[in-house]
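Here the structure is laid out as structure tokens; the discussion comes afterwards.
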Amino acid sequence: STSGKASDNPAQDREHQCVQVFGDDYFCSCINSSLAKGISFQDYVNVLITPKDLLNYKELSPENKKIVDSILQTREQCI
């Protein structure tokens with residue numbers, strides 16, 4: 001949909017947002033297929049641009065640490 005509204009497919013939205021920002025279909029396809037469901041493109045960007053100490057990484061729950069780690073791992077895998 002070109003109306004700017006979110007579609008019923010969050011993964012498709014995530015990939016579309018990535019391509020709008022980075023303009024790289026291969027990279028964005030990799031990011032989209034590697035990120036867990038429920039992690040938005042905005043979540044991905046926020047984790048990447050925020051230093052771990054500002055994320056309060058040490059105080060995060062094990063589940064949230066796993067999400068942060070998976071985002072960082074996904075970036076390394078896809079670049």
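No hydrogens, no waters, no symmetry mates; every other heavy atom, side chains included, goes into these values.
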Can you measure from SG (Cys28) to NE2 (His16) and round to the nearest 0.5 angstrom?
10.5 Å
Glu63, CD atom: more than 12 neighbouring heavy atoms under 6.0 Å:
no
Nearest-0.5 Å distance, CD of residue Glu59 to NZ of residue Lys65
8.0 Å
Criterion side chain to side chain contact (heavy atoms under 4.5 Å, CB included) on Gln42 and Asn46, from CA distance to verdict:
CA-CA 6 Å; Gln42 188 170 356; Asn46 285 338; 3.7 Å; yes
Those residues at least two apart in sequence (or on a different chain) that pass side chain to side chain contact (heavy atoms under 4.5 Å, CB included) with Glu76 are Ile79
Val45: partners by side chain to side chain contact (heavy atoms under 4.5 Å, CB included), with sequence neighbours left out
Phe41, Ile49
Side chain to side chain contact (heavy atoms under 4.5 Å, CB included) for Leu60 and Ile67? Distances and angles first, verdict last.
CA-CA 10 Å; Leu60 293 176; Ile67 291 169; over 6 Å; no
Contacts of Arg14 that satisfy side-chain hydrogen bond (donor to acceptor under 3.5 Å, both in side chains) - sequence neighbours left out
Asn32
When rounded to the nearest 0.5 angstrom, what distance separates CD1 in Ile31 from CD in Glu15?
10.0 Å
Listed partners of Pro51 passing side chain to side chain contact (heavy atoms under 4.5 Å, CB included), at least two apart:
Asp53, Leu54
Kindly check if the number of other-residue, nucleotide or ligand heavy atoms within 6.0 Å of CD (Gln77) is above 12?
yes
Does anything in residues 39-79 pair up under disulfide bond (SG atoms under 2.5 Å apart), and if so which pairs, sequence neighbours excluded?
Cys30-Cys78
Atom CG in Leu35, atom CZ in Arg75: separation rounded to 0.5 Å?
12.5 Å
Could you work out, with side-chain hydrogen bond (donor to acceptor under 3.5 Å, both in side chains) as the rule, every residue matching Ser70, not counting sequence neighbours?
none
Who are the ring-ring contact (aromatic ring centres under 6.0 Å, His included) partners of Tyr57, not counting sequence neighbours?
none
Under the rule for side chain to side chain contact (heavy atoms under 4.5 Å, CB included), what residues qualify as partners of Asp25, not counting sequence neighbours?
Val19
Can you name the residues that form a side-chain hydrogen bond (donor to acceptor under 3.5 Å, both in side chains) with Asp43, not counting sequence neighbours?
Ser40
